[in-house]
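Beneath this line is the structure, given in structure tokens, with notes to follow.
What you see is a predicted model; the values in this text were computed from it and never measured. Just so we're on the same page: letters track the sequence lines, and every chain starts at 1.
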There are 2 protein chains.
Amino acid sequence: MSSNIGGSVTLADVARHAGVSLATASRVLNGAGGRTVGATFRERVLRSAELLGYSPNAQAQAVARGASSLVGLVVHDISDPYFAAIAAGVTEAAEERDTTVVLASTRQQHERELDYLATLRQHRARAVVLVGSRWEDRAYHQLVTRELDAYRRTGGRVAAVSQDRLGVDTVQPLNNAGARDLARALVDLGHRSFAVLGGPEGLLTARDRVRGFREGLRDRSVSGDVPVVTGAFTRDGGYDATLQLLAGGQRPGCLFAVNDVMAVGAMAALRESGLSVPDDVAVAGFDDIETLRDVTPSLTTVALPLRDMGRQAAEMALTPGRDTPKLIRVRGEVILRDSTKVAG
Amino acid sequence: MSSNIGGSVTLADVARHAGVSLATASRVLNGAGGRTVGATFRERVLRSAELLGYSPNAQAQAVARGASSLVGLVVHDISDPYFAAIAAGVTEAAEERDTTVVLASTRQQHERELDYLATLRQHRARAVVLVGSRWEDRAYHQLVTRELDAYRRTGGRVAAVSQDRLGVDTVQPLNNAGARDLARALVDLGHRSFAVLGGPEGLLTARDRVRGFREGLRDRSVSGDVPVVTGAFTRDGGYDATLQLLAGGQRPGCLFAVNDVMAVGAMAALRESGLSVPDDVAVAGFDDIETLRDVTPSLTTVALPLRDMGRQAAEMALTPGRDTPKLIRVRGEVILRDSTKVAG
DNA sequence: CTGTTAGCGCCTTCAC
DNA sequence: GTGAAGGCGCTAACAG
């Protein structure tokens, strides 16, 4: 039935079975090539392929053609709803362009990102979509840039969903502006004393959101230094940071967690500490994670069109042509919900 | 710098630059092969590779070796936390085994699963992990089985996280048993009147959970037929189904949604209808989605070790040898929380 | 230890 | 319209 070891039926098998040349079989089975094939032969080949259960070897095709149909997707953590949502957008766009997605989840570790980038390059992925905050780490940043450059020199395309620091097409969430808008809105709501759950040290997204929030407060002339407690970019990070804040004697009227996941952790911590949200402490987040839209009290946040962002990044990465990096800025929308309601 | 069109540096380039044969270059650059290489040459090759920025072409290697390092991951919807969590486990296990994950998100559509399976086969993925409920659809089931068989005949390995109907290694959540345990626990808690939000028609996981729940009630001699409203396996599905239930004049003391995501939707619907949880209506879910652990009132559910399940499935799929399909049953653990509390 | 030489499965000129 | 032949980048015997 098959001649090779792997057990797979090869194009040669089909050709032989159909009594035609390899070239002919190849032409009917891949459609392209310009040249067309006679109806009789075409039928014969198709029938043989069907009969033998032929499945073209995509890897061999890629080698012969010098171009693969793989697109890499690099995220910090696929189980984090933020990344999962973006990933969904990427897979959609990829599917529409008949490309296959290779998933790389770095689990928040710098080096892995580099490793995965290298792996993706080895697989000759046609493009890679890099999603997630960049770090405040010059040395590392240089390594990534170097790797990306090498990748692009070989024809690979790159798009990012992150800060605009990679010199590639990027979908940039305006973290600063969003947090700033949020801060103003909160002040306008009547809040006066704040504290921030700032995310991990060195993560630009966290930093930008903290800065933006501070600016917003300044815009509204809220004086005093806002206490910032850092913590992991996770539910537990928010939980721990909040307990730490409370233990430090702080009791802000409003708590801004730099992302929704942390905000939820914060709400849990407050609740367990006997504090009610929003009456004792108001809470606001960032991202508008879909799964979290139903927490109670409903969470005030800055909504980001996550899925779309992923889709757009993938589209840019998979669209040839353009050589000057494109930048799509995404301004989040402040959504005021119950978690920041002011009594009266 | 490079000779080929794609711009990539090839092994031949490195060999030439280092003044050694292709074989030698290959040997030092891939380590394996049994044979070892002299220190001088080894150094020379390494230096040249480094200098030229050589990146081995994984596709070509796969073709030559007759074995790829790809492992497919097929999920219903990567943005659904259930699948995202399992995916995280799969990527972990894959990474440990130096394999690259190809992600396929079918978005709940039968046919796409088949398409992706075919694509995965074309890429000669060494294994595929199929995650998600199977359907009650004989014709379709047969197609999938056929495709999987073809795939396995060519040496591909398959593992599933689902019902045990594919004849492959599988991690099987005991949906029936879990729901049954839950029902009993709820009755023991004092609940007497129930309704079920049953998920989409034809989805086995939904069906099993409904059945199990019914059995549990029977075990505890709760009489009467439990009303079941079907709906999409999503937050909105739970929301809509609940409204429909209420509109139908039903007002159960306890509502069992076949998964957490639906349960959250149900809670939202109840709240909007002016009903309080758990006082007016208790709510229970299934899965114990991490992101949902902090909803209020906290959700009673059946916990499944999602990440581990994904990891185990991937490990089975990537472990050669064994020819008799292995079955790992996972019994969920009932976790009673506030959403089903009984007053007094 | 090193190099030569066939492949691997497929595509793609180039002739007929 | 069809086929023969060379090449894609790499690996794996097989000789030295």
Side-chain angles (χ1 to χ4, degrees), chain A residues 2-45 49 52-69 121-124 154-155, chain B residues 2-45 48-49 52-69 121-124 126 154-155:
Chain A
S2 134
S3 58
N4 66 94
I5 304 173
S8 265
V9 177
T10 78
L11 185 60
D13 293 329
V14 177
R16 196 173 312 126
H17 181 104
V20 302
S21 76
L22 230 110
T24 301
S26 173
R27 290 196 266 257
V28 359
L29 259 18
N30 80 31
R35 308 224 124 300
T36 164
V37 175
T40 340
F41 278 17
R42 144 166 261 97
E43 277 312 313
R44 274 236 293 274
V45 172
L52 300 181
Y54 173 69
S55 165
N57 183 326
Q59 319 221 45
Q61 287 183 141
V63 174
R65 284 204 264 253
S68 92
S69 57
R121 178 147 75 105
Q122 289 178 190
H123 280 279
R124 298 296 183 269
T154 68
Chain B
S2 133
S3 58
N4 66 93
I5 305 174
S8 266
V9 177
T10 78
L11 186 62
D13 293 330
V14 176
R16 197 174 310 126
H17 180 104
V20 302
S21 77
L22 229 104
T24 300
S26 173
R27 289 196 268 257
V28 359
L29 260 17
N30 79 33
R35 308 227 126 296
T36 163
V37 175
T40 340
F41 278 17
R42 145 166 260 97
E43 277 311 313
R44 275 237 292 278
V45 172
S48 297
L52 300 180
Y54 173 67
S55 165
N57 184 326
Q59 319 221 45
Q61 288 183 141
V63 174
R65 283 204 265 253
S68 91
S69 57
R121 178 147 74 106
Q122 290 179 190
H123 281 279
R124 298 296 183 268
R126 157 185 318 186
T154 68

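- In the set dC10(C), dT2(D), dT4(C), the nucleotide with an atom closest to the side chain of Thr10(A) is dC10(C).
- Contact between the side-chain N/O atoms of Thr24(A) and the OP1/OP2 oxygens of dG3(D) is found at a separation under 4.0 Å.
- You'll find that the side chain of Tyr54(B) is closest to dC10(D), out of dC11(C), dG1(D), dC10(D).
- Applying the 4.0 Å criterion to OP1 and OP2 of dC10(D), one finds that Gln61(B) has every side-chain N and O outside that range.
- Taking atom CG of Leu11(B) as the reference point, atom P of dT2(C) lies 15 Å away to the nearest angstrom.
- The residue from Leu29(B), Thr40(B), Leu11(B), Val37(B) that alone fulfils the side chain to side chain contact (heavy atoms under 4.5 Å, CB included) condition with Val45(B) is Leu29(B).
- Of the possible donor and acceptor atoms, none in the side chain of Ser68(A) sits under 3.5 Å from a partner among the backbone N and O of Ala62(A).
- A donor-acceptor pair is defined here as one N or O able to donate and one able to accept, closer than 3.5 Å; no such pair exists between the side chain of Ser8(A) and the backbone of Thr154(B).
- Put simply, CG on Asn30(A) is 9 Å from C1' on dC10(C), counting in whole angstrom units.
- With hydrogens and angles ignored, a donor-acceptor pair closer than 3.5 Å exists between the side chain of Arg27(B) and the base of dG3(C).
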Derivation and outcome, side-chain hydrogen bond (donor to acceptor under 3.5 Å, both in side chains), residues Arg27(A) and Thr36(A)
CA-CA 7 Å; Arg27(A) 290 196 266 257; Thr36(A) 164; over 6 Å; no

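- Within the helix from dC1(C)-dG16(D) to dC16(C)-dG1(D), the inter-axis angle between the opening and closing five-pair segments is 40°, rounded to 10°.
- Residue Leu22(A) places its side chain closer to dC10(C) than to any other of dT12(C), dT11(D), dC10(C).
- The nearest pair of heavy atoms linking Ser48(B) to His17(B) is OG-CD2, 2.8 Å.
- Side-chain proximity of Val20(B) to the nucleotides dT12(C), dG3(C), dC8(C) is greatest for dG3(C).
- With the nearest nucleotide of DNA chain D identified for both Phe41(A) and Val63(A), Phe41(A) has the one nearer the 5' end.
- Closest contact between the side chain of Ser26(A) and the listed nucleotides dG9(D), dT12(C), dC1(C) involves dT12(C).
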